[in-house]
Amino acid sequence: MSVIESYLAGCWQAGTGAGSPLVNPVTGTTLAHASSAGLDLTASLHHARTVGGPALRALTFAERGTLLDALAKAIYSVRDELLEVSMANTGVTRSDAKFDIDGGTATLSAYAAIGRGLGNATFLTDGDIEQLGRSPRFAGRHIRVPLRGVAIHINAFNFPIWGLAEKLACAFLAGMPVLCKPATSTALPTWRAAKAMTDSGLLPAGSFSLLVGSVGSLLDHVGPQDVVAFTGSADTGAKIRTHPAVVRSSVRLNIEADSLNAVVVAPDVQPGSACFDLFLRELVREMTQKSGQKCTATRRVILPTNLVEPVVAALRERLLPEYLPKPPTDPSARMGALATPSQGVDVLDRARAIAQHCDLVVGSLPAEPTTLVAPCVMLARDSSAAELHELEAFGPFVILFPCDGSVAAAADLVARGGGTLVTTVYSDDIDYAARCVEAMAPWTGRLLLGSARIAEFSTGPGLVLPNMAHGGPGRAGGGLELGGLRGLNLYMQTCAVQGARPVLERLFPVAQ
Ligand code: NAP
């Protein structure tokens, strides 16, 4: 069985030893092995900092944008192969594999357009020149310049292509080289996309590295100009946050962790209305797309007590048997498998713990661990039970929380999740929505206001858009990715430059 290689210091190279197996989560077949043992991580980081960084910083924003566009095309050129590899290594249906691949290339293209818009500059100005004292001659202006280190991207198992592309888009456009470390279990699609990028010959030397296999001692070597952007579990996030080298150098850190995303259905939403249908359509998609293995998937639905019955009836009709899980090779599969065999165990354990506090109202839990898990809706017996707002089962599950329909009660339940990546409010009542914004926005990185007005156009809570911020407070990790230009902040140092106004005007002539 082949060992897939890492791309470090400009060379493809294999780690030593047998490595970890990468398996097909449905058949259990071993597809390849990944090992990072014995690889020279210090030399690789040095190469990225000293060769890749200068090469990227020498490009203008427009040129970095052109590079992102070309990389999107390079990945797209092997799309068919990526679809096959993704289905085999991550258990997803063809349509879910497209979601990951096309989401990734679309994000690269979106940042390419931002780069073109920034033109020939190589760093950003932030705000206008401001007078600082009594004399108009003494002035100041903020600028944002790329950090001189390497951006280390540690990704989760669920989006092997999108995870690679969205983080790289922001770092490259800012002017920082990237070392991408995909989750070992689903590294094959990332590895194939990385091959397409290196084969294209487009990458400036040293600008991109790929580490497959365990993270090893990588973080021991980070320094004050490096960045670590992580997506995965809160436990691993906490380990990275407290890693001695990260703490010692105050390494710039972004964490996207578990999130118990919430949906609030307002009392004005009547069964059969356009808003009710939008809510149901988007809930079914969030439960079943990638088998609910999305960081933005809906986990909690807060709804007025009188809506519980119609919602359960409608979900029963829409979910079963339509979305029974099937191997992705089955052409009738509308929902695939969990991404790894260990997720099959973990997800069932957590779902069982949640079910202790709920009634199962749609579907049932499997008796034994499996990666083929059917959608399941649970009804909370006590909406305030702490476990239901703290335990995340990363699969096709949702919990219904009946409440009195007031904004205060709904906001209290949203907040019990400790911070979400996305919260959605379905209502056609603008006053209700306005009160929700004020009460819930502090607890979430993104707030979707679903209503009849956008029923035709809504992309739903689960789709992360490059021009909208992705991240959330507290439990969601406290990070921020994407959001258009905001996504570059992680990779750039803001510096307040003070001096004589004519000097500042000369140095920074173009307003951005
Ligand atoms: P994980 O164990 O936290 O792994 C995420 C990434 O961190 C992987 O690349 C992993 O590498 C790496 N890693 C592991 N230990 C590390 C360490 N000590 N230092 C630095 N990096 C380390 O998460 P997971 O297994 O992928 O998923 C577990 C849970 O995370 C899920 O059940 C779900 O709750 C949550 N999750 C959240 C998101 C999100 O976007 N918010 C996405 C996916 C999963 P290896 O693979 O080599 O171990």
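Counting starts at 1 for both ligands and their atoms, in listed order.
- Sorted by chain and number, the heavy-atom contacts of ligand 1 below 4.0 Å come from I154, N155, A156, F157, N158, K181, P182, A183, T184, G213, S214, V215, F230, T231, G232, S233, T236, K239, I240, E256, A257, D258, C295, Q343, E392, F394.
- Applying the side-chain hydrogen bond (donor to acceptor under 3.5 Å, both in side chains) rule to N261 yields the partners S259; only residues at least two apart in sequence or on another chain are considered.
- Remark: E387 engages no residue in a side-chain hydrogen bond (donor to acceptor under 3.5 Å, both in side chains) (not counting sequence neighbours).
- Relative to the six-membered ring of F159, K290 meets both conditions, a distance below 6.0 Å and an angle of at most 45° to the axis.
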Atom pairs and distances, side-chain donor-acceptor, residues 203-214, under 3.5 Å, sequence neighbours left out:
| from | atom 1 | to | atom 2 | distance (Å) |
| --- | --- | --- | --- | --- |
| S207 | OG | P204 | O | 2.6 |
| S214 | OG | G216 | N | 3.1 |

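- For the side chain to side chain donor-acceptor pair (under 3.5 Å) with T231, the qualifying choice from K167, H470, E166 is K167, the only one to do so.
- Counting only heavy atoms from C-beta outward, the side chains of P182 and P160 never approach each other to under 4.5 Å.
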